[in-house]
**Student:** 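Structure in structure tokens, see below.
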Amino acid sequence: MGKTDLMNFPCDLFCSQILTRLPLKEAVRFSAVSRKWCRAWTRLSHLQFSDDFFISISTTPTKRKAVSKLTRQNIAVDIINKIILMQCGGLEIFELDSCVGFESSIHKWLLWISSSGVKCIDLKNNGLQLEVSESIFSCVTLTSLSLLNFKMIKVPPLFQGFSQLVTCFLEYVELSSATFKAILKLCRLLESLTLSECELPSNLKIISLSLKSLALLGLYIYSIKANCPRLESIKIIECNDLKIGNICLPVCVHLETDFWLLKDFSTIKSLRKIACSEDVDYTSTKTFLIFKLVILNKLKFSQESFIANQQF
Amino acid sequence: MAELPNTTMANECKVKLKSKDDKIFEVEYAVAMQSQTLKNALAHTGCTDTALPLHDISSQILAKVIEYCEYHVNAANTISEKDVKTWDEELVKHMDQDTLFRLIVAAKYLEIHNLVDLMCKTIADRIKDKSVEELREIFHVQNDFTPEEEEQVRRETKWAHGE
């Protein structure tokens with residue numbers, strides 16, 4: 001019976017399923033095994049420049065003498081340039097876990113990967129807040145975008161939108177009202193949006209025909225108005241300046257929020273499901289009574305649809 | 001029996017699979033449903049007595065696939081995640097490369113994503129932290145570079161070969 005060994009194993013399958021699971025350094029090193037694999041690392045579907053990657057390249061002894069931080073950064077840029085430039089298709093996920101020192105290179109990198117049909121970009125900036133590179137708007141094939149610690153720039157006039165974007169995760173991102181509105185308007189397939197510790201206009205207006213799930217975490221906003229006919233669930237956690245009367249949501253939405261917000265819910269009439277994000281001490285009589293009053297009298301739904309500690 | 005028609009069918013339907021070497025395997029419907037490919041096929045044909053031919057999968061490999069699927073169907077609600085993980089690890093622990101590779105191809109064809117994941121993770125773990133020479137040994141691969149070619153490869157990816 002014919003043997004299926006490494007030599008007969010389909011190259012594409014090996015690259016996309018196996019090499020991709022290895023740290024980048026090891027995936028590249030595999031190229032020295034034999035001729036068949038010498039370019040396998042140019043077909044990786046997932047490029048992750050993680051902290052481990054940066055550690056692994058900095059321990060490579062080049063000349064066995066102490067190198068300055070700048071030199072180390074230049075070496076890293078060279079290596080990353082090479083890796084990205086040599087990719088010849090099939091790249092789906094691009095992750096960069098450190099942006100400090102790469103500000104000028106990120107523009108190039110994003111442009112290069114934009115032509116490869118990249119689907120998912122995850123940029124984490126671990127230093128001072130950086131402006132997002134304009135090149136991000138060239139990555140029009142994105143289905144998922146994740147940014148940590150950036151300042152969003154104005155949307156370029158020619159930008160037609162991330163027409164395939166389904167998921168967007170923004171943490172410590174600063175967004176102006178106009179930019180936020182433009183992005184929502186131009187991303188017509190956006191279903192899931194998470195805004196965590198972002199700087200946003202304090203009267204937040206969310207207008208999206210496609211949005212199904214929304215999470216607002218630690219925002220300093222006073223009011224929310226969500227004009228999203230398809231919205232199914234919303235999470236509002238630790239938005240301490242938010243006043244209950246200032247939340248305007250579509251009906252029949254699954255809401256998960258903090259207890260202190262929950263107990264004043266009088267304007268939301270027909271929410272189907274409600275969940276409390278904290279462990280509430282229901283043994284306190286006062287709390288229990290408030291809770292019961294709100295849930296059973298003000299909100300029209302059955303007890304089964306209440307998802308929380310069932311101690312009462 | 002106050003069961004819904006489709007549940008009854010699910011309970012009684014046995015799916016027949018034919019391996020490359022013409023061996024017939026009979027599995028429960030729920031077990032077959034672990035495979036997206038079989039799920040789609042059965043959606044078209046319904047429960048049938050004809051064996052579904054799997055032209056590229058040998059009986060040895062098919063048996064292993066079925067073993068995996070049967071365990072996972074039964075374990076679904078009854079066995080703890082930790083124990084399932086242990087069982088998975090035992091399954092692959094001493095598997096040779098040949099079997100692993102053939103299982104990946106079969107699992108990919110049958111679209112059993114958990115199995116593909118498990119197999120690929122196992123191979124990736126075997127590759128991790130090995131030198132190039134060790135890798136050649138593990139995978140029974142000859143070094144077919146000319147000295148000049150090998151020098152070029154190593155030079156291009158110098159940073160990855162440190163240590």
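A, B, ... follow the sequence lines: proteins, then strands. Residue 1 opens every chain.
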**Student:** Report, as yes or no, whether the 6.0 Å neighbourhood of atom NZ on A/Lys124 holds more than 12 heavy atoms from other residues, nucleotides or ligands.
**Tutor:**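 Yes, NZ of A/Lys124 has more than 12 neighbouring heavy atoms, counting only those of other groups under 6.0 Å.
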
**Student:** Would you confirm whether B/Asp144, through its side chain, and A/Arg35, through its main-chain N or O, come within 3.5 Å as a donor-acceptor pair?
**Tutor:**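 Checked: pair present.
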
**Student:** Around atom CG of B/Asp56, are there more than 12 heavy atoms of other residues, nucleotides or ligands at under 6.0 Å?
**Tutor:**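 No, because the 6.0 Å sphere around CG of B/Asp56 holds 12 heavy atoms or fewer from other groups.
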
**Student:** Hey, what's the ring geometry for A/Phe53 with B/Trp159, parallel, tilted or perpendicular (30° and 60° as the breaks)?
**Tutor:**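 Because their plane-to-plane angle is over 60°, the rings of A/Phe53 and B/Trp159 count as perpendicular.
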
**Student:** Quick one: CG on A/Leu22 to CG on B/Asp125, what's the gap to the nearest 0.5 Å?
**Tutor:**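 The CG atom of B/Asp125 is 8.5 Å from CG of A/Leu22, to the nearest 0.5 Å.
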
**Student:** How many angstroms lie between atom CZ of B/Phe139 and atom CZ of A/Phe30, to the nearest 0.5 angstrom?
**Tutor:**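 Answer rounded to 0.5 Å: 5.0 Å.
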
**Student:** Heavy-atom count around B/Lys130 NZ within 6.0 Å, excluding the residue itself: above 12?
**Tutor:**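 Counting other residues, nucleotides and ligands, NZ of B/Lys130 exceeds 12 neighbours.
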
**Student:** So with a 6.0 Å cut-off around CG of A/Leu128, is the heavy-atom count from everything else above 12?
**Tutor:**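 Result for CG/A/Leu128: open.
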
**Student:** Can you confirm whether B/Tyr109 is buried at OH, in the sense that more than 12 heavy atoms of other residues, nucleotides or ligands lie under 6.0 Å from that atom?
**Tutor:**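 No, not enclosed.
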
**Student:** Quick check on A/Lys108: does its NZ atom have over 12 non-hydrogen neighbours (other residues, nucleotides or ligands) under 6.0 Å away?
**Tutor:**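 Atom NZ in A/Lys108 is crowded, with more than 12 foreign heavy atoms closer than 6.0 Å.
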
**Student:** At a heavy-atom separation under 4.5 Å, does A/Ile18 approach chain B through its side chain, its backbone, both, or neither?
**Tutor:**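 For A/Ile18, backbone and side chain are both near chain B.
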
**Student:** Tell me, do B/Cys120 and A/Arg21 make a side-chain contact under 4.5 Å, heavy atoms counted?
**Tutor:**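 Result yes, sub-4.5 Å side-chain heavy-atom pair found.
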
**Student:** So, for A/Ala32 and B/His161, which heavy atoms are closest and what is the spacing to 0.1 Å?
**Tutor:**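 The pair with the smallest heavy-atom distance is CB-CE1, 3.5 Å.
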
**Student:** Shortest non-hydrogen contact from B/Val132 to A/Arg29?
**Tutor:**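 So the two residues come closest at CG2-O, 4.0 Å.
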
**Student:** Is it the case that atom CD in B/Glu149 sees more than 12 heavy atoms from other parts of the structure closer than 6.0 Å?
**Tutor:**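 Enclosed: over 12 neighbouring heavy atoms sit under 6.0 Å from CD of B/Glu149.
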
**Student:** Where the side chain of B/Arg136 meets the backbone of A/Val33, is there a donor-acceptor pair that is under 3.5 Å apart?
**Tutor:**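 Checked: pair present.
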
**Student:** Only pairs of heavy atoms separated by less than 4.5 Å count here; which of B/Arg154, B/Glu150, B/Lys108 has the most with chain A?
**Tutor:**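 Heavy-atom pair counts peak at B/Lys108.
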
**Student:** When rounded to the nearest 0.5 angstrom, what distance separates CD1 in B/Ile123 from CZ in A/Phe14?
**Tutor:**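 Going from CD1 on B/Ile123 over to CZ on A/Phe14, the span is 7.0 Å.
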
**Student:** Whether A/Arg39 and B/Glu156 form a salt bridge (side-chain N of Lys/Arg under 4.0 Å from carboxylate O of Asp/Glu) is what I want to check.
**Tutor:**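 Here B/Glu156 pairs with A/Arg39 in a salt bridge, since their nearest N and O are under 4.0 Å apart.
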
**Student:** Got a salt bridge between A/Glu26 and B/Lys128, using NZ or NE/NH1/NH2 to carboxylate O under 4.0 Å?
**Tutor:**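 A salt bridge is absent here (no side-chain N lies under 4.0 Å from a carboxylate O).
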
**Student:** Who wins among B/Asn143, B/Val116, B/Asp117, B/Leu135 for the most heavy-atom pairs under 4.5 Å with chain A?
**Tutor:**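 Heavy-atom pairs under 4.5 Å are most numerous for B/Asp117.
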
**Student:** Within this structure, what is the CD-SG distance for the pair B/Gln152 and A/Cys38, rounded to the nearest 0.5 Å?
**Tutor:**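 Atom-to-atom, B/Gln152:CD and A/Cys38:SG are 8.0 Å apart.
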
**Student:** Can you tell which part of A/Trp37 gets under 4.5 Å to a heavy atom of chain B, answering side chain, backbone, both or neither?
**Tutor:**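 For A/Trp37, neither part sits under 4.5 Å from chain B.
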
**Student:** Of all the heavy-atom pairs spanning B/Val105 and A/Pro10, show the shortest one and how long it is.
**Tutor:**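 Shortest heavy-atom contact: CG2-CD, 4.4 Å.
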
